[in-house]
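Taking it in order: structure first as structure tokens, then the write-up.
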Number of protein chains: 4
Amino acid sequence: MFTLKVMPRFTETDALGHINNTELPVWFEQARTPIFKFFTPSLDVNKWQLILAKIEVEFIAEIFYGSEVEIKTFIERVGNSSIQILHEVIQDNKLVAKGKATTVHFDHQKKKSKPISGNIKALLNEHLSS
Amino acid sequence: MFTLKVMPRFTETDALGHINNTELPVWFEQARTPIFKFFTPSLDVNKWQLILAKIEVEFIAEIFYGSEVEIKTFIERVGNSSIQILHEVIQDNKLVAKGKATTVHFDHQKKKSKPISGNIKALLNEHLSS
Amino acid sequence: MFTLKVMPRFTETDALGHINNTELPVWFEQARTPIFKFFTPSLDVNKWQLILAKIEVEFIAEIFYGSEVEIKTFIERVGNSSIQILHEVIQDNKLVAKGKATTVHFDHQKKKSKPISGNIKALLNEHLSS
Amino acid sequence: MFTLKVMPRFTETDALGHINNTELPVWFEQARTPIFKFFTPSLDVNKWQLILAKIEVEFIAEIFYGSEVEIKTFIERVGNSSIQILHEVIQDNKLVAKGKATTVHFDHQKKKSKPISGNIKALLNEHLSS
């Protein structure tokens, strides 16, 4: 599991007085940073190795400004070239949202997927959801 | 079907040179405006009737800056208090992304869902997919 | 003068019930697209010629969701390598915000400014604020 | 002085490979949180006391993904009902951007400014730029 703490930003609220739905994919992308680092330890954007295939977000309860949010990120499954990821968002001890992401090891020059090395698979497998 | 044309914004690109994944939920929210109007014709945020329960985005091909995007939005299913919505994103005659959203007719004071009226169901059913 | 019409997005509202301040620079960037095209007619991001040196935004009145916004953009001054730009935001026949931007003709490989050609200066000068 | 550390988000980059200009006002808003707390200690958005009158951002050097950013915020001047604020952005020991903001103590019901109390002025004055 990876953990990211996020302080919601005022601009992330909307006129309903809570955090807007579109911010969850932003937080989840940031929560996947440790996974990005497995592929590009320097985080150099010119050496990027991943592409996103699919995301899902389930909104369980309102998320509010003024209180820190914790995002727990798990690896659900490691495939030949893809990774399925789970996110959970907790605010004030309450599960407020869940997410999924499928990311693919990708050659941005050749524009095609490529296998994940055994070394990186081993790193990912240390973070499997139980 | 509802149609929205969006000109991608420069700030919506990312360091990979294409539109970042997090912009699709933003565009899809905007593409649901005609549905918002069925419930709140004035779009007055103080009379808002909907809440979002779930979103999904499937990324099919890169989306680029400099070329208009068309978003087609369909009603997939109208339930007692919820609506399932489909989105398709076309750029340069190519399907580049698809999305789903589940939105719920919601009483923001009582914090609970409420049935969709027959009148609004009829309006929604005019936009069913297939 | 260049004109851009923008329909505010729900996610651009904040908990105060109006459009958040951080959206104005986003709209202004989009309003400068015709200027971008003078330098990069294809809008190909790999051939980008400009960099932003400074922005200012003055918030005059609240901007609301549900009503279209018009952004008028003027060239204030064309220098050797820089351009000073003015923006005005009108909603419901009311001036609600003003902005300024200084953009610089820039060689992204050499990381230094370069003179604006006479041809482009002539195009820009057609849009001078009176 | 107030200090905020921000880890740039991948979505905050743009196709030029650096952080897009529109993110600076977002970070600066977040950097003003301690000032928001002087007026609304709970950060309850329903008790908000401030409105933004003006912002300026000066872009000094490129800001990159993958390296933490430090934002230093100073009070420049406290007026009867307004506050002038300075921001400095440092990345890798380099000043990369500066900003200004003018915020106004505001009655969101009556839609007019109101004087800042002596107590809050004293708190603000502890953070004056030298």
Just wondering, are more than 12 heavy atoms of other shown residues or ligands nearer than 6.0 Å to NZ in D/Lys98?
no

A/Tyr65 and D/Leu43 have their tightest heavy-atom pair at CD2-O, 3.5 Å

For chain A, find which of D/Thr33, D/Asp44, D/Val26, D/Asn46 contributes the most heavy-atom pairs closer than 4.5 angstrom.
D/Val26

To check you understand the geometry: which heavy-atom pair defines the closest contact between A/Arg9 and D/Val6, and what is its length?
NH2-CG1, 3.9 Å

Which value, rounded to the nearest 0.5 Å, describes the distance between D/Glu12 atom CD and A/Glu29 atom CD?
9.0 Å

Does NZ in D/Lys100 sit with more than 12 non-hydrogen atoms of other residues, nucleotides or ligands closer than 6.0 Å?
no

Is there a side-chain contact between D/Phe10 and A/Val45, using heavy atoms and a 4.5 Å cut-off?
yes

In terms of heavy-atom contacts, does NZ of D/Lys111 have more than 12 from other residues, nucleotides or ligands at under 6.0 Å?
yes

At a 4.5 Å cut-off on heavy atoms, which part of A/Phe36 comes close to chain D: side chain, backbone, both, or neither?
side chain

Take atom NZ of D/Lys114 as the centre, draw a 6.0 Å sphere, and report whether it contains more than 12 heavy atoms from other residues, nucleotides or ligands.
yes

